[in-house]
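Before any comments, here is the structure.
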Amino acid sequence: MSKLTLFNTASQRLEEFAPLVPGQVRMYTCGPTVHDYSHVGNFRTVLFQDLLRRVLESQGYQVTQVMNITDVEDRIIRKSAERALSIDEYTAPYIDAYHEDLSTLRVEPAAEYPRATRHIPEMVSLIQQLDAKGHTYVSDGSTYFRIASFPRYGVLSHLNLSGIKAGARVDVDEYSKEDPRDFVLWKARKTGEHFWETALGPGRPGWHIECSAMSMKYLGETLDIHTGGVDLIFPHHEDEIAQSEGATGKTFVRYWLHAQHLQDATGEKMSKRLKNFATVRDLLAEGYTPRAIRYALLTGAHYRSPLAFSEDLLRQAEGAVRRLDEFVVRLNIAEDATGLPPEDVKRQWDDALSNDLNIQEAVGQLFKFVGGLNTRLDSASVSEAERASAYAMLKHANRILDVIDFPARELEDTITRLIAERKSARDANDFARADAIRDQLKAMGIQLYDTKDGVRWKRL
RNA sequence: GGCGAGUUAGCCAAGUGGUAAGGCAGAGGUCUGCAAAACCUCCACCGCGGGUUCGAAUCCCGCACUCGCCUCCA
């Protein structure tokens, strides 16, 4: 298959991917801030990460993925204080819900889900390293990163930062910065806020430091891949580079990848602030299946293009998933059948994904294959070997897609008996009886099809 | 204002110089006791205006519109 190329935000071009250590990929993915339920826009980025991870794995890499859980942050501090809860008490239900949603969407679990509140010492230590190298200063009890001490600042976001004006969008407690571009590493304690007593004084970590501290703790000082939503490019990831490289003097991340946003049906960015969002649990309550939500987020648009999320998109996804399911049933292959995917189709699939994760192209090729074989299944008999090969192709594709169900081909005795009973009724032209049994089976979750080769069934 | 992305059929979307993949929806047909599925046929002058080229959705210039980022939003 062709070499994997990925679009690196830092270079703003496609680059051939090669990990630092051959065969092994160290990947850090920016996870949720657990101040509330995550919405499907957040999960679009997660599914992009899942796609990347699965493609890497299908190409033989051993991937170590770490996803942070941000559980200290302005909104969490404020809301937990309002409800008189500890940070842990406040965030626990949202962390649980997040993991539930990941599971619903069939996202492969990361190796670690480190939490900011559990890594305060690591952050303090990192800030002390920065201090030793002259990158910090203290003002009003807060510790800041001095941008002027890090000439490479801006390499990721490519922003001209000279235009940032003090006071325009700067928090009240940050008036004491030397330069408006400087950012806070450690925030001095404010009255009524949760705080940690540390060598840096009482306070809490700034937003960016947790990702530097935790990613380097679990993955080492140089990561192969770091991902997140495009809105994190600046300032979050830019600041992570300054902090990490300022402390270690080594390249922090080799490939930066960013997912575009999900938009609402009118084309506006989905966000909590605009209240134009839906959560996974909202969609489930409306009757959409997890597989359709996954398919819509995964294949709705290339990860570097915005995706307008709508009911239409979800309905289309339901249809596409159904088509694949039907095809599996039609192949009528035993679960343990062995076969290899057709080489040309497999190559098209793999090559499309290697091309900066072009899953739309890959899925297009897959459906073309499905359609072609469906035609032949209709008009000619297709050998068991070829059907097994097609089945293997679907299995291969599903390593990435993970939306196709491969139901067990064995039925409970009662169901087998009902199917036989219905056949007798049909043979005797007792269609009323036959249809009644068909309805009964449907209620039991078994859909029957009468084909020229006899009756087929699938689980609903 | 600065930087960036985008505009392909009713909807979603691929395509990165050789006369438009795929999915959903729709119309007509085949098959079927009915149903379900599947199959066949039909459905695009690629935002607008110029230019380069034998040839452009694909390259260049201009215009229009949409969206994102520009200090704590994935």
Side-chain angles (χ1 to χ4, degrees), chain A residues 12 29-33 38-46 48-49 70 73-75 157-164 168-171 174 177 180-184 187 206-208 227-236 238-239 258-263 266-274 295-296 299-302 304-308 310 312-327 329-330 348 352 358-371 374-379 426 429 431-432 434-435 438-439 442 447-452 456 458:
Chain A
Q12 294 183 301
T29 53
C30 269
T33 301
S38 293
H39 56 69
V40 285
N42 302 124
F43 284 109
R44 186 201 183 186
T45 300
V46 172
F48 147 67
Q49 292 157 351
T70 299
E73 177 259 2
D74 285 356
R75 291 165 299 187
S157 55
H158 309 99
L159 288 176
N160 174 4
L161 296 168
S162 58
I164 295 182
R169 302 182 65 160
V170 175
D171 192 14
E174 292 181 352
K177 292 196 289 192
R181 300 174 305 165
D182 291 345
F183 58 93
V184 68
K187 291 178 151 181
W207 177 34
H208 318 298
T227 73
V230 286
D231 52 354
L232 296 186
I233 295 170
F234 186 87
H236 187 54
E238 194 68 62
D239 290 350
H258 292 94
Q260 260 294 350
H261 288 304
L262 201 62
Q263 304 174 331
T266 71
E268 239 181 326
K269 174 180 169 180
M270 184 178 283
S271 73
K272 280 276 156 54
R273 191 173 53 79
L274 295 171
Y295 187 90
T299 72
H302 186 262
R304 285 193 286 113
S305 298
L307 170 60
S310 62
D312 233 25
L313 186 74
L314 284 165
R315 272 196 298 272
Q316 292 172 11
E318 296 279 8
V321 170
R322 197 184 316 122
R323 185 165 166 82
L324 292 171
D325 273 355
E326 298 292 352
F327 185 65
V329 171
R330 201 152 184 235
Q348 287 171 331
N358 191 343
I359 195 170
Q360 293 69 34
E361 167 72 16
V363 165
Q365 296 295 346
L366 183 67
F367 275 106
K368 204 169 167 181
F369 168 66
V370 168
N374 261 331
T375 301
R376 294 181 42 235
L377 283 164
D378 239 34
S379 60
R426 279 189 86 212
N429 284 335
F431 295 117
D435 290 353
R438 185 167 63 196
D439 290 344
K442 192 165 185 177
Q447 167 85 54
L448 294 189
Y449 307 78
D450 296 313
T451 75
K452 60 183 163 60
R456 295 264 178 273
K458 71 163 181 173

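Keep in mind that the numbers below use all heavy atoms, side chains included, and drop hydrogens, waters and symmetry copies. Labels below follow one simple rule: chain letters A, B, ... track the order of the sequence lines, proteins then strands, and each chain is numbered from 1.
- Closest to the A:Q447 side chain, of the nucleotides B:C40, B:C73, B:A36, is B:A36.
- For A:H39, counting side-chain heavy atoms from C-beta on, the closest listed nucleotide (B:C34, B:A74, B:C72) is B:A74.
- Base pairing of B:G6: its partner is B:C65, meeting the Watson-Crick or G-U wobble criterion (both donor-acceptor distances under 3.5 Å).
- Here the nucleotide nearest the side chain of A:E361, chosen from B:C72, B:A21, B:A74, is B:A21.
- Taking a centre distance below 5.5 Å and an interplanar angle below 30 degrees as the stacking criterion, A:F367 does not stack against the six-membered base ring of B:G22.
- A side-chain N or O of A:Q49 and one of A:T227 form a donor-acceptor pair less than 3.5 Å apart.
- Positionally, the nearest nucleotide of RNA chain B for A:K442 lies more toward the 5' end than for the other of A:K442 and A:L377.
- Searching all strands for a Watson-Crick or G-U wobble partner of B:C39 with both distances below 3.5 Å returns B:G29.
- Separating the CG atom of A:D325 from the C1' atom of B:A38 is a distance of 15 Å, rounded to the nearest angstrom.
- Between A:R315 and A:D312, at least one side-chain N (NZ, or NE/NH1/NH2) sits under 4.0 Å from a carboxylate O, which counts as a salt bridge.
- Out of B:C34, B:C70, B:A38, the shortest distance to the side chain of A:R330 is found at B:A38.
- Regarding A:I233, its CD1 atom lies at a distance of 12 Å from the C1' atom of B:C70, rounded to whole Å.
- Residue A:A259 comes nearest to A:T45 through the heavy atom pair CB-OG1, 4.0 Å, listed as atom of the first residue, atom of the second, then distance.
- In the set B:C73, B:C69, B:A14, B:A14 carries the atom at the smallest distance from any side-chain atom of A:Q360.
- Taking a cutoff of 4.0 Å between a charged side-chain nitrogen and a carboxylate oxygen, A:D450 and A:R456 do not qualify as a salt bridge.
- For A:Q316 against B:C11, a side-chain-to-base donor-acceptor contact under 3.5 Å is present.
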CA sep, side-chain torsions, deciding dist, call: A:S157, A:E238, side chain to side chain donor-acceptor pair (under 3.5 Å):
CA-CA 7 Å; A:S157 55; A:E238 194 68 62; 2.7 Å; yes

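- Whole-Å rounding puts the A:R456 CZ to B:A35 P distance at 21 Å.
- Residue-level contact check: A:G41 touches the bases, meaning some heavy atom is under 4.0 Å from a base atom.
- A close approach under 4.0 Å does not occur between any side-chain nitrogen or oxygen of A:S310 and OP1 or OP2 of B:C11.
- The A:D450 side chain lies nearest to B:C34 when the options are B:A74, B:C72, B:C34.
- Contacts of A:T299 with the nucleic acid, taken as non-hydrogen atoms under 4.0 Å apart, are absent.
- Checking B:A14, B:A74, B:G23 against every side-chain atom of A:A320, the shortest atom distance belongs to B:G23.
- At the heavy-atom level, A:N374 lies under 4.0 Å from the strands shown only through sugar-phosphate atoms.
- Checking B:G15, B:C67, B:C72 against the side-chain heavy atoms of A:Q263 singles out B:C67 as nearest.
- Not a single donor-acceptor contact under 3.5 angstrom links the side-chain atoms of A:K269 to the base of B:C69.
- Between A:R315 and A:H302, the residue whose closest nucleotide on RNA chain B is further toward the 5' end is A:H302.
- Contact annotation for A:G229: backbone-only contact, meaning every heavy-atom pair under 4.0 Å involves sugar-phosphate atoms and none involves a base.
- The pair A:D74-A:K187 meets the salt-bridge criterion, with a side-chain N (NZ, NE, NH1 or NH2) lying under 4.0 Å from an Asp/Glu carboxylate O.
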